[in-house]
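All remarks here apply to the structure that follows.
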Amino acid sequence: MAIKYELVHVDKNSGARLGVLHTPHGSFETPIFMPVGTQATVKTLSSKEIKEVSDGLILGNTYHLWLQPGDDIVKEHGGIRGFMKWDGALLTDSGGFQVFSLADIRNISEEGVTFKHHLSGATLNLTPEKAIEIQNNLGADIIMSFDECPPFHSDYDYMKDSVLRTIRWAKRGKEVHQFPEKQALFGIVQGGPYKDLRKMCIEELTKIDFPGYSIGGLSVGETKKEMYDMLEYLKDYMPKDKPRYLMGVGSPDDLIMGVLNGIDMFDCVLPTRIARHGSAMTSNGKIVIKNKLYEKDMGPLDSNCDCFVCKNHTRSYIRHLFKGKEMLGQRLVSYHNLYFLKNLMKQIREAIKEDRLLEFKEEFFKKYYG
RNA sequence: GGAGGGGUAGCGAAGAGGCUAAACGCGGCAGACUGUAAAUCUGCUCCCAACGGGUUCGGCGGUUCGAAACCGUCCCCCUCCA
């Protein structure tokens, strides 16, 4: 088996799990947050910097690397790890999210999904088998089944068809997976807001038997309450001896709520995207560093942070970089935001260890959201 | 001295009698962003006690029911010829 999940402790007052995830490229304490590096780069950061602001596990993307430069070229480099000179562990998404995000240039059938390349106009066929083949070439430690990520509020009949198809696709993918001993293939739970579909999906995926399970189709436009309700429901049905990965979630409140509902792994573009757009996460809430308010602010982004950026640069300087369209601004805030989440996850793990995650949540929310 | 061209909101630049408080771009201010088609997108940006009102298009004076637009005059800028 490529990975092994070890459940170390469950918070006595919540369902939060403390564990260790063993992979071919390192063992990681969970819950863990994984920065997203879609095109074999966590945007703006070098692999050395990624190492400093992550816990050693990051994401790559099947669809984008398949289109460019092509998984064959990545394979020649020894996979994504060799390509981007990343010596930590890796997880790749299957392209399932692109079925959602590129909805207007794709077509779904039983066989797979046809995309129209947004640049060349070429027609591209991504099937469950192809997605696994590409991921075999990309060489991540953890890979995803090809799924359809449908809009949360799709109607019941559509959702049911979609979930059943996603289950069939998961099975097809597993059957062609070449290196189960090197790469752990996860199944992805879909079903939108429909609890019976979600439950059925977990049960069917569990029958196929995967080394880990992802929860997809959340944080795609539904309300936080809808997402939290679903997480609470799913908590009791997810296999306890396997890692649980909530895909695409990364705002501080959602991370805490996810952990409280038994999630072990998260990834999200939010910290790096809002950083590039000029917002920083701080222990007192999100700030828009571009604002005039910070023109003469001599303090660090977050006075409670000990990252390189906070130890060395003022808010005034970082605002200046943004106003001057200097790319260092985007780099510095990306660095800080990822470090902030890394630190948040560390605090969460410590709180679980001491059975006080609920108290931690209260304190954190009070400071972060006022 | 002669011949043309031009002066529009913080800047650049449309508009050539009513649909114009004046397109568009930049700049400025604010907001959004959740398995990355995102260094992106959205809103506001003459003044005010603002679902209404008040002042604008170099200055002044006219024509007209009505002018940033037409006429006169003055001021300033640019190009060419002496």
Side-chain angles (χ1 to χ4, degrees), chain A residues 33-45 58-65 67-68 90-106 115-121 124 131 135 140 142-150 152 166 186 188-190 213-224 226-228 231 245-255 257-258 263 265-281 286-295 319 321-334 337 341:
Chain A
F33 176 79
M34 307 175 284
V36 179
T38 305
Q39 306 206 69
T41 158
V42 174
K43 292 188 192 300
T44 79
L45 301 180
I58 64 171
L59 251 72
N61 181 278
T62 298
Y63 179 81
H64 292 287
L65 290 171
L67 295 198
Q68 198 172 59
L90 256 160
L91 182 156
T92 43
D93 185 28
S94 61
F97 185 71
Q98 279 62 48
V99 180
F100 169 79
S101 64
L102 304 180
D104 37 340
I105 57 167
R106 54 109 256 231
F115 293 90
K116 200 166 181 70
H117 193 296
H118 64 280
L119 296 175
S120 71
L124 306 151
Q135 293 184 88
I142 301 171
I143 66 179
M144 293 297 124
S145 295
F146 187 53
D147 64 327
E148 178 193 353
C149 177
F152 190 77
T166 284
F186 281 29
I188 303 177
V189 179
Q190 291 290 354
Y213 297 89
S214 308
I215 298 172
L218 291 179
S219 63
V220 286
E222 78 283 8
T223 64
K224 288 193 185 268
E226 286 172 317
M227 176 165 85
Y228 298 160
L231 289 176
Y245 163 30
L246 176 55
M247 308 182 82
V249 162
S251 66
D253 54 338
D254 291 350
L255 290 173
M257 293 305 288
I263 302 299
M265 304 160 67
F266 302 87
D267 79 283
C268 195
V269 305
L270 194 67
T272 46
R273 180 178 291 168
I274 69 173
R276 270 175 280 123
H277 298 169
S279 290
M281 294 172 174
K286 191 187 81 178
I287 64 172
V288 182
I289 197 63
K290 290 179 294 188
N291 286 3
K292 196 173 185 65
L293 180 64
Y294 306 112
E295 189 177 22
R319 176 183 129 94
L321 294 175
F322 271 95
K323 299 312 285 184
K325 293 186 167 48
E326 286 292 344
M327 52 188 146
L328 181 61
Q330 301 186 313
R331 278 173 36 68
L332 295 181
V333 181
S334 292
N337 281 354
L341 291 188

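This structure is a prediction, so every number in the text was calculated from the model and none was measured. All values below were derived from every heavy atom in this structure, side-chain atoms included, with hydrogens, water molecules and symmetry-related copies excluded. Lettering of chains follows the sequences in order, A, B, ..., and the numbering in each one begins at 1.
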Below 4.0 Å: OP1/OP2 of C29(B) and any side-chain N or O of Arg319(A): yes
Atom C1', compared across G7(B) and G59(B): separation rounded to whole Å: 12 Å
Rounded distance (nearest 0.5 Å) linking atom CG of Leu91(A) with atom CE of Met265(A): 5.0 Å
Gln190(A) and Thr166(A) side chains, donor-acceptor separation under 3.5 Å: no
Span that lies between the C1' atom of C65(B) and that of G58(B), in whole angstrom: 28 Å
Aro-ring/base stack His64(A)-U36(B), d under 5.5 Å, angle under 30°: no
Residue-phosphate contact under 4.0 Å: Asn61(A) side-chain N/O, U36(B) OP1/OP2: yes
Sugar-phosphate, base or nothing in reach of Glu222(A), heavy atoms under 4.0 Å: nothing
Sugar-phosphate only, base, or nothing, as touched by Lys323(A) at under 4.0 Å among non-hydrogen atoms: sugar-phosphate
Opposite nucleotide pairing with U40(B), Watson-Crick or G-U, both atom distances under 3.5 Å: A32(B)
Sugar-phosphate, base or nothing in reach of Ile188(A), heavy atoms under 4.0 Å: base
Atom-pair distance (NZ on Lys286(A); P on A30(B)), nearest Å: 14 Å
Short side-chain N/O contact to U34(B) OP1/OP2 from Arg273(A), under 4.0 Å: yes
Pairwise P distance, C78(B) and G31(B) [rounded to whole Å]: 44 Å
Short side-chain N/O contact from Gln98(A) to OP1 or OP2 of G35(B), under 4.0 Å: no
Phosphate-side-chain proximity, Asn291(A) and G31(B), N/O vs OP1/OP2 below 4.0 Å: yes
Nucleotide of G31(B), C29(B), U36(B) approaching Lys290(A) most closely (side-chain heavy atoms): G31(B)
Ile274(A), nearest nucleotide to its side chain (from U34(B), C33(B), A37(B)): C33(B)
Side chain of Asp254(A) (C-beta onward), nearest among C33(B), G35(B), U34(B): U34(B)
Watson-Crick or G-U wobble mate for C24(B), both contacts under 3.5 Å: G12(B)
Side-chain N or O of Lys325(A) closer than 4.0 Å to phosphate OP1/OP2 of G27(B): yes
Residue Met247(A), side-chain heavy atoms: nucleotide from A37(B), G35(B), U40(B) that is nearest: G35(B)
Thr38(A) side-chain N/O to U36(B) phosphate OP1/OP2 under 4.0 Å: yes
